[in-house]
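Notes for the one structure printed next.
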Amino acid sequence: MGEYGSDRGQGEGQLRPDGQAEIGPQAAIEGAARALAAGELVLLPTETVYGLGADAANPTAVAAIFAAKGRPRFNPLIAHVADLETAARIAMLDDRALALAQAFWPGPLTLVAPIRDTEAVCDLARAGLDTVAIRLPGHPLARAVLAAFGGAVVAPSANRSGRPSPTTHADAVSETGEACAVTLDGGPCEVGLESTVVAVLDGPPRLLRPGAVTRAQLEAVVGPLAEAADDARRSPGRMALHYAPDAPVRIDAAGPQAGEAFLAFGPWPDGEGVFNLSPTGDLAEAAAKLFSYLRAADRTHPVGIAVATIPDQGLGEAINDRLRRAAGFIG
Ligand code: TXA
Ligand code: MG
């Protein structure tokens with residue numbers, strides 16, 4: 001493994017402002033863990049591809065991931081953890097999931113299982129689903145950061161939307177490095193292909209995304225896999241997988257009609273059934289609150305959920321994409 005981390009704006013091999021030479025691995029690991037705890041983004045090497053990491057429990061930090069990727073869409077993200085105990089605290093891992101974990105962790109396998117701790121991996125990170133994708137990466141630097149941080153780190157591939165996943169530090173930095181407080185250099189990724197994603201829910205385990213761990217390897221451990229449902233194969237994590245409120249959703253609403261809950265954006269008087277995504281009109285705040293407020297509004301059993309107009313810029317594009325799906329216009 002080559003050079004370890006560097007802080008933004010202090011190019012590798014340069015002197016730090018305090019005159020110290022390049023920071024060593026331990027300092028880089030601790031710096032990354034501190035940045036994560038502070039809600040900042042970290043470029044995290046894994047054995048598959050470089051990830052854009054954030055504290056999974058912090059919805060504002062998770063919103064920043066979607067913003068950094070550009071043309072954002074709120075796909076559910078993978079929660080990365082340091083050890084099996086942490087994974088089992090966060091997700092409900094049954095015997096089959098545990099067998100797969102024993103066989104392939106640490107390594108390029110992601111398990112989708114029912115969520116146990118909804119705070120540890122927030123609603124936005126799960127796109128409002130009651131399942132969570134979880135993985136214990138094999139890269140020693142990723143594991144060290146996860147262990148130092150203690151919690152779960154969500155990390156999609158560090159590319160900007162629509163571009164290939166970066167497998168070197170330089171590529172990752174040129175994609176999304178600007179959004180990161182710390183970028184860690186773990187050398188070129190050994191696998192270079194995203195992890196295999198397997199859902200272990202009701203029925204036989206289902207292959208959602210082929211990857212470095214093959215179908216044959218998986219079947220040797222848990223027996224025949226179920227065919228992925230058509231919708232999951234077409235667009236994993238996008239349509240049928242998303243949380244949809246029970247109440248019908250009405251977008252671009254000037255205000256609530258009788259019996260409706262209202263998701264406001266910007267200044268709006270408080271009141272029963274009013275959930276303000278961001279009184280100051282901050283899109284990152286609105287993204288961070290979107291899924292939990294949809295749920296909260298739904299719990300009041302309204303005749304419908306009216307949603308204020310959200311500007312279609314930056315994160316607003318992802319918020320509107322999600323809202324149009326919830327309203328039944330897409331999908
Ligand atoms: O190798 C990897 O997995 C890399 C490295 C950085 O760990 N990460 C990665 O993340 O590829 P991302 O966000 O690009 O892909 C996450 C995949 C998507 O296909 C998503 O739909 C699926 O995991 N996924 C996440 N949560 C899910 C859930 N609750 N149910 C079904 N699929 C889920
Ligand atoms: Mg990706």
Side-chain angles (χ1 to χ4, degrees), residues 41-54 56 62 65-66 68-82 90-92 97 104-116 118 121-139 141-143 145-146 152-169 171-172 175-176 180 184 186 189-202 205-213 228-229 231-243 291 318:
L41 303 188
V42 168
L43 211 51
L44 188 71
T46 83
E47 73 279 25
T48 57
V49 300
Y50 273 76
L52 182 59
V62 177
I65 288 183
F66 292 110
K69 284 183 68 86
R71 282 189 59 77
R73 208 181 278 120
F74 297 141
N75 289 328
L77 303 176
I78 296 171
H80 299 69
V81 294
I90 291 174
M92 292 186 225
F104 302 109
W105 282 358
L109 175 70
T110 296
L111 296 171
V112 172
I115 183 76
R116 189 195 288 280
T118 55
V121 182
C122 67
D123 265 343
L124 181 61
R126 288 179 285 109
L129 296 170
D130 54 11
T131 56
V132 63
I134 198 156
R135 115 171 168 91
L136 203 166
H139 196 294
L141 190 48
R143 297 192 65 193
V145 170
L146 292 167
V153 172
V154 280
S157 49
N159 52 288
R160 291 182 60 80
S161 180
R163 297 177 40 79
S165 302
T167 56
T168 66
H169 180 249
D171 283 351
E175 290 285 332
T176 52
C180 296
L184 294 174
C189 301
E190 262 174 53
V191 176
L193 181 79
E194 290 88 347
S195 61
T196 304
V197 181
V198 177
V200 188
L201 303 166
D202 296 336
R206 216 151 25 96
L207 185 61
L208 296 182
R209 180 174 77 181
V213 176
D231 53 2
R233 196 163 46 217
R234 260 203 319 271
S235 51
R238 284 192 55 195
M239 293 170 185
L241 283 174
H242 275 291
Y243 169 74
F291 289 102

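None of these values were measured; they are calculated from a predicted model. Quick note: numbers below take in every heavy atom, side chains included, and nothing from hydrogens, waters or symmetry partners. Counting starts at 1 for both ligands and their atoms, following the listed order. In this chain, numbering begins with 1 at the start of the sequence shown.
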Discussion item. Over 60° means perpendicular and under 30° means parallel, so tell me whether His169 and Tyr50 are parallel, tilted or perpendicular.
Written reply: tilted
Which atoms of ligand 1 have any heavy atom of [X] under 4.0 Å away?
X: Ala133; value: 25 (C), 26 (N), 27 (C)
X: Thr131; value: 28 (C), 29 (N), 30 (N)
X: Val49; value: 4 (C), 5 (C), 6 (C)
X: Ala155; value: 6 (C), 8 (N), 10 (O)

Worksheet item: Regarding Thr110 and Arg209, is there a side-chain donor-to-acceptor distance under 3.5 Å anywhere?
Response: no
Would you mind reporting whether [Y] and [X] have side-chain heavy atoms less than 4.5 Å apart?
X: Val81; Y: Leu146; result: no
X: Val154; Y: Val62; result: yes
X: Arg73; Y: Ser161; result: no

Item to complete: Check if Val112 has a non-hydrogen atom at a distance under 4.0 Å from any atom of ligand 1.
Response: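 Judged by the 4.0 Å heavy-atom criterion, Val112 does count as contacting ligand 1.
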Practice prompt. Check Arg209 against ligand 1 and report side chain, backbone, both or neither, counting heavy atoms closer than 4.0 Å.
Written response: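 Within the 4.0 Å criterion, Arg209 contacts ligand 1 through side-chain atoms alone.
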Worksheet item: Just heavy atoms, cut-off under 4.0 Å: does Asn75 contact ligand 1 by side chain, backbone, both, or neither?
Response: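 Neither; no heavy atom under 4.0 Å.
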Worksheet item: Mind checking whether the Mg ion (ligand 2) has an N, O or S of Ser157 under 2.8 Å?
Response: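 True for Ser157.
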Item to complete: Would you check whether Thr46 has a nitrogen or oxygen atom less than 3.5 angstrom from a nitrogen or oxygen atom of ligand 1?
Response: no
